[in-house]
Amino acid sequence: MTVEADGQLTPAGILVDGFLSLGTPEGFRAELIAEEIVVQPLPDGNHEHCLNVVLKQVLRKSRTDMDFSGNKGMELPGSEGRPRNHAVPDGTFAPTDLHLFRGADPWMPPQGVALVVEVTSTKPQADREAKRRCYARGAIPLYLLIDRDDSSVTLFSEPEGDDYRQHMTIPYGKPLPLPEPFAFDLETEDFG
């Protein structure tokens, strides 16, 4: 149970404890984003296809060897005075030599993560706004958003405070340059 120093329960502590003890129904996953518990069905095949396109290119082309985890829970800072967020990126990449996923807790910290990937599904606005801010607060250097509704790919970089200072959006079909530690152009024509 999450309690304040004086032994009192806080609303934020109750929310986090409730979330962490939540029994998610089979076929669903749960996240705690911006003080909202979000339960979504598992992704469809087109969603997973987009993620697979990114995974294969990173493993083949990245200048730095990367490890990958699909649907790895991450505990991220909340905005000031708010509870910590518990996000589940569709994909998480980290340099292999860090061994971040080996022995990691179900909700691991973001330190050492190079890139998170989200592919929009049933709640695209959460991927576009709330989760982007969570990843920026966690100082994750790169956030790749594949927006199936807009047929676009956006790379957010240079996290600062509650957001990323830079972003580049391209339509499907154009290459998207990924900076170090990846250092290659992500081909996007197969997302559509």
Side-chain angles (χ1 to χ4, degrees), residues 2 12 16 19-20 24 29-35 38 40 43 47-48 50-80 82-121 126-147 153-168 176-188:
T2 306
V16 171
F19 169 74
L20 292 174
T24 307
R29 70 179 195 183
E31 299 175 286
L32 175 59
I33 305 294
E35 297 184 77
V38 179
Q40 297 185 74
H47 178 283
E48 293 302 281
C50 290
L51 190 57
N52 194 42
V53 167
V54 174
L55 173 60
K56 287 194 284 187
Q57 289 185 60
V58 168
L59 294 179
R60 290 178 185 154
K61 299 179 180 181
S62 180
R63 180 172 292 164
T64 302
D65 286 339
M66 290 287 165
D67 284 344
F68 173 81
S69 182
N71 299 303
K72 178 70 186 105
M74 296 185 69
E75 186 174 358
L76 301 157
S79 57
E80 190 173 321
R82 305 291 183 182
R84 297 184 68 75
N85 293 291
H86 290 74
V88 182
D90 294 325
T92 303
F93 290 93
T96 297
D97 62 357
L98 297 179
H99 305 288
L100 283 186
F101 305 124
R102 183 186 304 160
D105 291 332
W107 297 101
M108 67 179 258
Q111 289 75 24
V113 169
L115 169 76
V116 290
V117 181
E118 293 287 358
V119 180
T120 58
S121 53
D127 293 331
R128 294 178 190 132
E129 296 291 331
K131 290 181 90 172
R132 183 186 86 224
R133 295 182 193 294
C134 288
Y135 299 144
R137 279 193 294 276
I140 295 172
L142 300 170
Y143 170 37
L144 183 69
L145 174 63
I146 301 168
D147 196 320
V153 183
T154 301
L155 180 66
F156 296 93
S157 60
E158 298 182 31
E160 184 177 283
D162 285 351
D163 211 347
Y164 287 90
R165 293 188 338 198
Q166 299 290 324
H167 73 276
M168 175 187 292
L176 178 69
L178 294 181
E180 291 285 349
F182 301 93
F184 74 92
D185 287 350
L186 180 71
E187 300 299 328
T188 67

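By convention here, the first residue in the shown sequence is residue 1. What's counted below: heavy atoms across the whole structure, side chains too, no hydrogens, waters or symmetry copies.
Annotation for F156 and L145: closest pair CE1-CB, 4.2 Å, computed over non-hydrogen atoms. Nearest heavy-atom pair across V117 and F93 is CG2-CE1, 3.9 Å. A pairwise comparison of heavy atoms in P89 and M74 identifies CG-SD, 3.7 Å as the closest pair. Residues L98 and G112 approach most closely at CD1-O, 3.6 Å, considering heavy atoms. Minimum heavy-atom separation, H47 to S121: CD2-CB, 4.0 Å. Closest approach of P110 to G138, counting heavy atoms only: CG-O, 3.5 Å.
For the side-chain contact (heavy atoms from CB on, under 4.5 Å) test, residues two or more places apart in sequence or in another chain that qualify with P159 are A136, Y164. Listed by chain and number, the residues in a salt bridge (Lys or Arg N to Asp or Glu O under 4.0 Å) with E48 amount to none (sequence neighbours excluded). With sequence neighbours excluded, the residues that form a salt bridge (Lys or Arg N to Asp or Glu O under 4.0 Å) with D162 are R137. The salt bridge (Lys or Arg N to Asp or Glu O under 4.0 Å) test applied to R165 returns E158, E160, not counting sequence neighbours. In this structure D67 satisfies the salt bridge (Lys or Arg N to Asp or Glu O under 4.0 Å) test with no other residue, sequence neighbours excluded. A search for side-chain contact (heavy atoms from CB on, under 4.5 Å) contacts involving E129 returns Q125, R132, R133, not counting sequence neighbours.
Remark: L142 CG to Y135 OH distance equals 13.5 Å, nearest 0.5 Å. Here the NZ atom belonging to K131 is positioned 10.5 Å from the CG atom belonging to N85, to the nearest 0.5 angstrom. The distance from the CG atom of L144 to the CG atom of L176 is 6.5 Å, given to the nearest 0.5 Å. Expressed to the nearest 0.5 Å, how far CE of M108 lies from CZ of F101 amounts to 5.0 Å. Atom-to-atom distance recorded for T120:OG1 and D147:CG is 4.5 Å, nearest 0.5 angstrom. Rounded to the nearest 0.5 Å, atoms CZ (F182) and CZ (R63) are 12.5 Å apart.
Of the possible donor and acceptor atoms, none in the side chain of H86 sits under 3.5 Å from a partner among the backbone N and O of W107. Of the possible polar contacts, one joining the K72 side chain to the P106 backbone as a donor-acceptor pair under 3.5 Å is found. A distance-only check finds a donor-acceptor pair linking the side chain of Q57 to the backbone of E187 [under 3.5 Å].
Side-chain contact between M168 and S157 is absent, with no heavy atoms from C-beta onward closer than 4.5 Å. Within the 4.5 Å cutoff, no side-chain heavy atoms of D90 are placed close to those of I146. Side-chain atoms of L100 and S69, non-hydrogen and from C-beta on, never get closer than 4.5 Å to each other. You'll find the side chain of T154 stays beyond 4.5 Å of the side chain of Y143, heavy atoms only.
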